[in-house]
There are 2 protein chains.
Amino acid sequence: MLATEFKDAITAADRVLVQIRTAIVDGEIPAGTKISEPELARRYDLSRAPLREALARLERCHLIERTPNAGARVVKLSIEGLRSLYQLREELEGLACRLAAEHMTEQEIAEVRALLDQHLSTQRVREGESYYQEAGDVDFHYRVILGSKNPYLINILSDELYFLVRMYRVQLGMNGPRVSRAFDEHKAIINAIANRDGELADLLMRRHIAASKRNIEQQLLQQGTSHG
Amino acid sequence: MLATEFKDAITAADRVLVQIRTAIVDGEIPAGTKISEPELARRYDLSRAPLREALARLERCHLIERTPNAGARVVKLSIEGLRSLYQLREELEGLACRLAAEHMTEQEIAEVRALLDQHLSTQRVREGESYYQEAGDVDFHYRVILGSKNPYLINILSDELYFLVRMYRVQLGMNGPRVSRAFDEHKAIINAIANRDGELADLLMRRHIAASKRNIEQQLLQQGTSHG
DNA sequence: TTTCTTTTAATTGTCGACAATCTGATGCTT
DNA sequence: AAGCATCAGATTGTCGACAATTAAAAGAAA
């Protein structure tokens, strides 16, 4: 969960949005499931009005697909979907790096560095608990995205695309040797930003994301061949 | 209006969305206006439920800004907003060009060329009617975006960013000498795509968009200095 | 048995009313 | 007179019920 998501006035629609979104990202509501408004309204104990508001926002971040008069389904994860998503993500986070190299303040850069060091020294990360690795990674990318200072870019990446990215990562797994390497890559990126070398930061970020994609792609292929 | 926007089942929310969106883009509802749900419900003769659905989608394409419990306002046009928007648009339509050079079929390319020729020979365009110029331009960009075959990219550009782009263009004016030049630029871009030269198509599209931005930027500056 | 039609049940879309919250005006205190 | 608290009015958020549409089940015809 992003810290600054809701400023103060939290409405019922906001709450149920977070609940359902988490359930979908974590696979608690499986991919491809038909969404029933009456059922969800009962489950989360509210009326259909705020629920529909939440569903509209879930559609916005591509976690569900709605067709008029026919209802909504949770998206299915696929190779083509992953490729399209990461193609865009590479481009946009690359841009975010170039802009961050231009616009981030020294203090913001120092904060990201502190975050990385602090995270690396955390017991649970060293023990390989995937939740904390995931949280640390999301945090790093989020800071860089914010550093771009472009509100439309920030909105697309952190409000629309990121939950789907996390859905792929959570359900298809961040595993093994990529973990420690990712930290080195994060460090290299923030160094390039600190040197105001946007071009290099861009390049490194694209490679970082491409590596992550290959990792997930492999899982999807294995899963597809063994089960189907 | 994009042709394939709604397949068959048109709901009241869809209709009022189109109406309000057009009113905002055309400046009929001025920038910065406070949106009153009861008032709009009366004006368009429906209840607040479908109206709120429409407002949620307007927020999605950045035409209005909502704050919980406080209501919505039509977005204000500004230099910083224009720069952020076009910064993103350059990057994304550049990417769309690279992908289009890879994925567009020969027939799709031929259709775009026919479209350009047909448009150029249209009486009203030669007479400088801005609506038809705008429509032709939107059509060209839309085809290239679709040619990328990346559903997320298509969604962001044509469903989320484009209405705001059009709002800037409509309210701050496409004027004078840029018109005929834009046609040549379009031709050069589709030629590069036809030659499967994505890199060149990318470059040309970025320049094309940058030129358009400078045009609007100038209008905004003049307006800002003379009135303020 | 298969296919098409009809009917039925369930779901989505819409409505009007009520509750919670915010904005602005009024009056009080310092 | 300036600032703060209180209150009235209006607006947004939520609810339960009804209408319109769809998907599925049952039945009839080939």
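Protein chains get the first letters and strands the later ones, always in sequence-line order, with residue 1 at the start of each.
Atom CD of A/E53 is separated from atom P of D/dT12 by 13 Å (rounded to the nearest Å). Regarding B/L17, its CG atom lies at a distance of 14 Å from the P atom of C/dG13, rounded to whole Å. Taking atom OH of residue B/Y44 and atom P of nucleotide C/dT14, one finds them 16 Å apart after rounding to whole Å. To the nearest angstrom, C1' of D/dT14 lies 11 Å from CG of B/N69. Following rounding to the nearest Å, A/R66 (CZ) and C/dT11 (P) show an atom-to-atom distance of 15 Å. In this structure, CD1 of B/I35 is placed 20 Å from P of C/dC22, rounded to the nearest angstrom. The distance from atom CD1 of A/I10 to atom C1' of C/dA20 is 15 Å, rounded to the nearest whole Å. Taking atom CZ of A/R73 as the reference point, atom P of C/dT12 lies 11 Å away to the nearest angstrom.
Across all strands shown, A/A49 has heavy atoms under 4.0 Å from base atoms, whether or not it also approaches the sugar-phosphate. Heavy atoms of B/L55 sit nowhere under 4.0 angstrom from any nucleic acid atom. Heavy atoms of B/L51 sit nowhere under 4.0 angstrom from any nucleic acid atom.
The phosphate of C/dT14 has OP1 or OP2 within less than 4.0 Å of a side-chain N or O from B/T11. Phosphate proximity of C/dC22 to B/K34: absent, as no side-chain N or O sits under 4.0 Å from OP1 or OP2. Between C/dG16 and B/R48, no contact under 4.0 Å exists linking OP1 or OP2 to a side-chain N or O.
Taking the centre and axis of the six-membered ring of B/F140, the NZ or CZ atom of B/R143 falls outside the cone set by 45° and 6.0 Å. Both the sub-6.0 Å distance and the 45° axial angle are satisfied by A/R89 relative to the ring of A/Y86.
Ring geometry for A/H141 against A/Y162 counts as tilted: the plane angle lies between 30° and 60°, on a 0 to 90° scale.
Closest approach to the B/E37 side chain among D/dT14, C/dT12, D/dG13 is made by D/dG13 (side chain taken as heavy atoms from C-beta onward). Taking only side-chain atoms of A/A12, from C-beta outward, the nucleotide of C/dG13, D/dT12, D/dT14 with the closest atom is D/dT14. The side chain of A/S47 sits closest to D/dT14 out of D/dT14, D/dA23, D/dT11. Out of D/dC15, D/dG13, C/dT14, the shortest distance to the side chain of A/L46 is found at D/dC15.
Judged by distance alone, the side chain of B/E90 and the main-chain N or O of B/M205 form no donor-acceptor pair under 3.5 Å.
A donor-acceptor pair shorter than 3.5 Å can be found between the side chains of B/D137 and B/H186.
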